[in-house]
Amino acid sequence: MSLKEALLDLLFPPKCPICGRSSDGEKDAPCPPCRQADFWISGPQAVVPGRAFVRCVCAGWYRGALKESMTRFKFQGCHRYALAYGPMLAEAIRTYLPGSYDCITWTPVSAARRRERGYDQAQLLAQATAEALGKQAVPLLTKVKDTKAQSALTDGRLRKSNVAGVYSVPRPHEVAGKKILVIDDILTTGATLEEAAQTLRAAGAAQVVAAAFCRTPKT
């Protein structure tokens, strides 16, 4: 750690990206109590079967402090939270998707949404996750339509129609014959990941699996 970084940590102590409290733990990592919280998922509930994708693994439930943290990550400029989320999602991928993929990509936001937000949260999450896995995330998909935010839609049919035809694969030769892991931030109905997986399969992908940092609990 440089002197400048040490001084900044002294003046502005690191905070847990999930609960927001000052943390004496590792920088850009959940504090010990949050690591042990009940919103992390294990066992059968961590794996969701799909149609275009074989299965999706999830690290945590989209509720409580984890939901509030994700809101700050997506909408309030807290892009560094990806550094904390990535290793947690990587652990779920190691556990439930060993040997299931050749390369890693993500569900991109539109160019307009990226300009508005200043970053693509799924890209940051995928890059941090890939780094924790000792790999690289590569851009295989492009979002060709600027749609309503999925979070604004509660009906599953509306969410599905909202993302229909929104992705393309600019370089199909990079996809053909590959087993691909596609990463998104939140799994609700699975419509976004299904559309991304279907687009990749249509471009020649041999198999698609998925991972999402959070899964929305069924009500």
Side-chain angles (χ1 to χ4, degrees), residues 12-23 25-41 45-46 48 56-93 106-130 132 137 143 146-156 158-160 162-163 166 182-196 210-219:
F12 307 100
K15 292 184 177 181
C16 172
I18 294 176
C19 69
R21 293 189 291 266
S22 295
S23 173
E26 184 182 350
K27 188 177 181 181
D28 294 321
C31 66
C34 283
R35 285 181 180 273
Q36 301 300 318
D38 63 0
F39 43 64
W40 302 114
I41 311 175
Q45 290 184 316
V48 181
C56 177
V57 302
C58 305
W61 291 111
Y62 187 58
R63 69 185 185 202
L66 199 55
K67 180 177 180 179
E68 293 170 5
S69 176
M70 287 294 289
T71 298
R72 295 193 298 273
F73 172 55
K74 290 185 68 170
F75 305 115
Q76 297 175 20
C78 295
H79 54 84
R80 287 188 63 88
Y81 284 14
L83 301 176
Y85 300 159
M88 308 298 288
L89 185 53
E91 185 58 33
I93 292 168
W106 62 89
T107 54
V109 299
S110 66
R113 187 63 53 80
R114 183 172 185 135
R115 287 193 298 271
E116 174 189 340
R117 192 169 293 168
Y119 55 94
D120 181 334
Q121 78 279 352
Q123 177 182 2
L124 296 180
L125 176 61
Q127 289 172 335
T129 302
K143 193 169 187 181
D146 185 29
T147 59
K148 291 182 179 179
Q150 289 287 82
S151 58
L153 305 172
T154 56
D155 184 270
L158 291 177
R159 294 175 72 97
K160 184 177 180 179
N162 189 51
V163 295
V166 300
V182 58
I183 290 178
D184 200 5
D185 51 0
I186 302 167
L187 176 76
T188 301
T189 64
T192 300
L193 282 170
E194 285 285 0
E195 184 65 25
F213 184 61
C214 285
R215 176 183 178 187
T216 301
K218 292 184 178 180
T219 56

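Only this structure's heavy atoms are used, side chains among them; waters, hydrogens and symmetry mates stay out.
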- Message: Do Cys31 and Cys19 have side chains that approach each other closer than 4.5 Å (heavy atoms only, starting at C-beta)?
- Response: yes
- Item | Nearest non-hydrogen partners of Ile183 and Ala126, listed with the distance | CD1-CA, 3.9 Å
- Could you pull out all residues at least two apart from Phe73 that satisfy ring-ring contact (aromatic ring centres under 6.0 Å, His included)? Tyr85
- Message: For a quick test of reading the model, state the closest non-hydrogen atom pair linking Leu124 to His79 and the distance between them.
- Response: CD1-CB, 3.5 Å
- Message: Please determine whether side-chain contact (heavy atoms from CB on, under 4.5 Å) holds for the pair Ile186 and Lys74, giving the CA-CA distance in whole Å, both sets of side-chain angles, and the decisive distance to 0.1 Å.
- Response: CA-CA 11 Å; Ile186 302 167; Lys74 290 185 68 170; 4.2 Å; yes
- Message: Side chains of Thr192 and Asp184 only: does a donor on one sit below 3.5 Å from an acceptor on the other?
- Response: no
- Under the side-chain contact (heavy atoms from CB on, under 4.5 Å) criterion, do Trp40 and Met88 qualify, and how do the steps go? CA-CA 9 Å; Trp40 302 114; Met88 308 298 288; 3.7 Å; yes
- Any donor-acceptor pair under 3.5 Å from Arg215 side chain to Gln45 backbone: yes
- Query: Does any non-hydrogen side-chain atom of Arg113 lie less than 4.5 Å from one of Lys143?
  - Reply: no
- Message: Given 3.5 Å as the limit, does a donor-acceptor pair link the side chain of Trp106 with the main chain of Gln121, or not?
- Response: no
- Query: Could you state the interatomic distance from CG (Leu83) to CD (Gln127), rounded to the nearest 0.5 Å?
  - Reply: 10.0 Å
- Item | Minimum heavy-atom distance Ala84-Pro30, with the two atoms named | CB-CD, 3.9 Å
- Task: Give the intermediate values and the outcome of side-chain contact (heavy atoms from CB on, under 4.5 Å) for residues Cys214 and Asp185.
- Result: CA-CA 6 Å; Cys214 285; Asp185 51 0; over 6 Å; no
- Message: Less than 4.5 Å apart, side chain to side chain, heavy atoms only: is that true for Glu68 and Ile18?
- Response: no
- Note on the structure: Shortest non-hydrogen pair, Arg72 vs Gly20, comes out as NH2-N, 4.5 Å
- Query: Do Phe213 and Leu125 touch side chain to side chain, with heavy atoms closer than 4.5 Å?
  - Reply: yes
- Contact check, side chains of Phe75 and Arg117, non-hydrogen atoms, under 4.5 Å: yes
Quiz: residues 58-66 side-chain donor-acceptor pairs under 3.5 angstrom, not counting sequence neighbours:
from	atom 1	to	atom 2	distance (Å)
Arg63	NH2	Asp38	O	2.9

- Looking only at heavy atoms, what is the nearest atom pair of Ala211 and Leu89, with distance? CB-CD1, 4.0 Å
- Could you tell me which residues satisfy side-chain contact (heavy atoms from CB on, under 4.5 Å) with Arg114, sequence neighbours excluded, listed by chain and number? Val109, Asp120, Gln123
